[in-house]
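The next block holds one structure in the form of structure tokens; read it before the comments.
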Amino acid sequence: MNKEKVPDRTVSLETAEPDMASSSSIGYLGYAEYFHNKELQQLESDVQYREKYQKEKGVSHPTLFQGLTIYVNGRTDPTRFELHKLIILHGGTFKHYLSGKTAVTHIIASELNASKKSSFANYKIVGPGWITESIARGKLLPWQDFRIVNVSVLQGKITDFATIRNCMDPNFIHSYFKSSRLHHLSNWKFQLRDQFVQDLLSSRGEISPNQKYVFFHVDFDCFFAQVSAKIDGTYDIHTVPIAISHGINNSDISSCNYVARSFGVHNGMWVSSALKLCPALKILDYEFDEYEAISNLFYQALKSVGIFKMVLPLSIDEAIGCMPVTSDTTQELLTQKCIQVRAAVFDLTQGYSVSIGCASSVLLARLALRKGKPNGFSISWFSTPLERRAFVDQFKLKDLPGIGYSTDQKIQETFGEIHSISALRGLLESPNNVSKLIKAIGSKNAKRLQTYLDGQDDDESISMVKDPASYFQKKSLSVEINYAIRFKTIDDVDTFLERLSLYLWEKLKDSNLLTRQITLKLMKRAQGAPVDPPKFMGMGKCDAISKASTLGSNTQKYGSIASECKTLFRILSVPPAEVRGIGLQFHRLTAATQASGQKLEQRRITTDIFKKANRSDDEVVRRVDEDTTPRTPKSTTYASPVKNYWDRHLKRSVTPFRYDFPDELDPEFMSNLPKDVQEEITSHHSVAKRAKRTLRTELFEEPKKQIKQTQDLHYIHDGRLVPQLSFQGLSSAKQICRTLIDWVDATIDVGPHEKDLELFVNHLNKLADQRRSHIILQLIKTLKNKIDDHYDGNSEGLEQWEYFLIRRLIPVLNKTKSDVNFNLVFDL
DNA sequence: AGATCATAGAAG
DNA sequence: CATCGCTTCTATGATCT
Ligand SMILES: Nc1ccn([C@H]2C[C@H](O)[C@@H](COP(=O)(O)OP(=O)(O)OP(=O)(O)O)O2)c(=O)n1
């Protein structure tokens with residue numbers, strides 16, 4: 001699933017640092033040279049280094065440390081220098097930084113310090129003797145024999161943590177998501193669904209809608225806890241209370257084992273509360289790669305049993321196998337099948353336990369699963385409604401899907417301390433209580449609950465089974481980060497929004513979709529909430545605010561999306577420093593078709609879209625003109641002048657065709673404002689004005705002409721710029737520069753095509769992520785010089801080029817500047 | 001009255 | 001040192017047309 005593209009680093013070594021490659025004619029790379037580019041080339045170069053060394057010295061070393069990733073901390077004897085060499089020569093991976101605890105399998109340290117934090121007991125920390133002794137004996141000795149307790153890992157400064165702490169780091173989103181369990185959970189789920197839909201379509205799916213099934217709801221027991229405990233290998237999961245989390249205090253427990261649960265610990269609880277209930281609780285690290293690998297085997301095992309017509313993916317560790325009902329479907333047969341399924345998973349995953357709930361409806365299967373857990377199964381195969389109700393009655397309201405904390409509370413507020421399903425069933429015999437319930441939890445919710453009381457599936461579950469392809473089809477796209485978000489200025493916000501837009505735009509593009517509606521969602525520090533919340537870098541108590549914007553046409557343009565987001569942020573008028581979370585959503589997606597080239601069309605044309613698309617240009621213009629008449633301001637006594645201004649001019653601006661701010665700022669209005677406020681408005685105005693312009697011009701562009709341009713730049717346009725750059729050796733940077741020059745020359749009259757801009761900015765961002773700022777600088781300089789050459793004319797294209805340079809390229813350059821310092825710190 | 005919105009809630 | 005609080009879908013009441 002982890003399909004990250006890894007550029008060919010062997011080649012890019014020479015591209016990026018030509019001097020270094022040519023000067024190293026002294027046999028295998030010297031250590032200092034090796035280090036020079038360590039961050040980029042490390043993995044490949046370790047192998048390279050070993051091969052070259054062994055070839056030239058005519059020796060070979062046993063690969064004792066194969067599969068291990070080792071970090072050396074602080075001063076050691078032998079030196080870090082020597083240890084690095086020994087580790088890579090013997091097949092190990094050497095890590096220069098502790099980037100996230102999970103990546104490193106072992107830490108080597110010599111000096112013993114008084115340990116302040118027991119949490120580091122979770123590391124495998126060993127003395128250097130482990131390396132030297134293992135090599136001397138020619139075999140990998142057990143690390144436990146060289147274990148060092150009471151060592152302070154952070155004796156030296158480990159600066160890599162800085163990325164996650166500073167949301168303005170160009171790598172922040174990527175680096176944060178790498179450790180976010182919720183991101184992984186959601187991402188995995190999407191990928192599983194996507195895979196399911198693809199498989200179904202390619203198998204010319206004959207899912208008969210009226211087929212009756214037995215449902216096998218299969219779920220790992222405390223998934224993360226089980227896997228991490230096995231990887232760690234220190235504790236017995238059946239006797240020691242274990243929980244998985246990143247931290248040791250106000251950190252979420254994602255999963256805890258059943259021993260811990262017997263103390264009252266549960267998933268989602270903070271470690272601090274859990275430790276109060278269970279002081280002996282052991283905290284283990286996440287092992288995301290392993291979760292993914294085990295999950296793959298799990299799904300493979302379910303399919304291999306061969307009794308399921310479909311395996312519906314619910315999540316990384318949870319699926320529903322659908323077995324067609326036949327005349328010989330009996331309790332005995334189902335028992336046998338449950339045992340068989342559990343065995344299949346156990347064998348293929350080499351020892352992981354799942355539990356199964358088996359029943360005639362999705363709901364009953366889920367409840368049965370609850371009964372079967374842990375490490376077991378339960379079958380609910382009933383013939384009468386009465387039996388079904390009796391079975392349902394033994395559960396609590398919260399056990400029902402769709403009844404969460406809030407609904408449960410509302411029911412209790414309405415009927416008193418009611419927890420069990422049976423109690424509610426009794427109450428609902430009175431119609432009066434039914435209407436009370438509807439009032440409390442809503443009509444749909446109440447109706448579903450009543451369906452569940454009979455052990456029946458609700459409409460949603462039924463549609464999942466009957467038409468899985470459309471049920472699992474994605475209908476919206478979003479990204480959201482509510483951790484470590486701390487902005488100082490509006491420029492920070494703009495930069496971040498550009499990165500978020502880019503992130504989501506890439507997903508949109510990958511799925512070959514267009515969006516019609518963009519929503520910006522903010523978490524704003526709640527009134528009275530502390531500036532520094534209890535959780536380190538957390539969001540604390542917040543108000544959620546969102547604002548949607550319906551675009552005039554379906555789009556896939558990064559530029560339009562990014563500027564729309566900036567506009568939306570200004571409409572919400574939250575001070576940057578109060579923002580604790582930020583998210584972006586695309587709604588009303590339609591499929592993009594390839595057929596007509598760059599001019600993207602929607603496959604479905606609803607009557608609504610049809611009408612809008614056919615509105616004449618005149619009408620559009622008139623509407624814009626009409627709406628520019630200023631509205632009388634509302635009496636917003638406490639609003640700032642800026643907010644007041646935007647309230648008047650943007651409040652009701654839903655579609656870009658109805659943006660009703662003036663094209664020029666009213667001088668009288670401006671002159672009455674303090675200077676800093678004037679500046680703020682001017683800055684907001686230019687962004688908003690730009691947003692309006694790009695969206696409006698989108699409709700009027702001439703697609704054919706633009707396509708031609710992009711074809712001239714085909715190698716930029718195929719979306720593979722980064723690898724190609726690296727592959728093309730020394731000449732490539734020059735080649736790119738020449739192409740840039742041609743690009744400017746060819747488009748100076750009409751302006752650059754948005755698609756190409758996106759790709760170019762995207763490429764620069766990738767360079768920035770790799771911290772190759774000198775290349776970025778060179779490219780931007782070339783572009784700027786060329787644009788300056790054309791400064792005689794006063795064309796529309798020139799203006800667009802300048803805008804592009806200032807608003808989008810210079811920011812990329814600026815953000816890399818801070819990285820230079822980073823590199824220096826690392827390269828010590 | 002029907003469309004569109006902002007928001008809340010649930011799930012893993 | 002801390003810590004990695006996402007993403008998707010549904011329902012509902014308010015507001016807009
Ligand atoms: N609030 C939560 C709930 C779950 N998870 C993750 C960790 C779990 O291991 C995994 C699966 O969730 P389950 O609800 O299936 O819980 P477990 O598998 O941990 O326990 P069990 O299914 O045995 O109750 O999702 C999480 O990160 N945060």
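The chains referred to below are lettered A, B, ... by the order of the sequence lines, with proteins before strands, and numbering in each begins at 1. All values below were derived from every heavy atom in this structure, side-chain atoms included, with hydrogens, water molecules and symmetry-related copies excluded.
- Taking side-chain N and O atoms only, A:His183 has a distance below 4.0 Å to OP1 or OP2 of C:dT7.
- At the phosphate of C:dT10, neither OP1 nor OP2 sits under 4.0 Å from any side-chain N or O atom of A:Lys444.
- Contact annotation: A:Thr519 side-chain N/O to B:dA6 OP1/OP2 distance is not under 4.0 Å.
- Under 4.0 angstrom from either OP1 or OP2 of C:dT7 there lies no side-chain N or O belonging to A:Ser478.
- Contact annotation for A:Arg580: no contact, since no heavy-atom pair falls under 4.0 Å across all strands.
- At the phosphate of C:dC4, neither OP1 nor OP2 sits under 4.0 Å from any side-chain N or O atom of A:Lys178.
- Residue A:Asn482 is in base contact, counting any heavy-atom pair closer than 4.0 Å across all strands shown.
- Classified by interplanar angle (parallel below 30°, tilted 30° to 60°, perpendicular above 60°), the ring pair A:Tyr176/A:Tyr483 is parallel.
- For the pair A:Tyr483 and C:dG5, the ring geometry does not qualify as stacking, because the centroid separation below 5.5 Å and plane angle under 30° are not jointly satisfied.
- Not one side-chain nitrogen or oxygen of A:Ser186 sits closer than 4.0 Å to the OP1 or OP2 atom of C:dT8.
- Of the possible donor and acceptor atoms, none in the side chain of A:Ser273 sits under 3.5 Å from a partner among the backbone N and O of A:Met269.
- Between the C1' atoms of C:dG5 and B:dG9, the separation comes to 16 Å (whole Å).
- Looking only at distances, a side-chain donor or acceptor of A:Ser228 sits under 3.5 Å from a matching main-chain atom of A:Asp285.
- Heavy-atom distances to DNA chain C give each of A:Phe472 and A:Ser180 a nearest nucleotide, and the one nearer the 5′ end belongs to A:Ser180.
- Formation of a donor-acceptor pair under 3.5 Å by the A:Asn554 side chain with backbone atoms of A:Arg516 is not found in this model.
- At the heavy-atom level, A:Asp317 lies under 4.0 Å from the strands shown only through sugar-phosphate atoms.
- The phosphate of B:dC5 has neither OP1 nor OP2 within less than 4.0 Å of any side-chain N or O from A:Ser549.
- Nucleic acid contact class of A:Gln409 (heavy atoms, under 4.0 Å, all strands): none.
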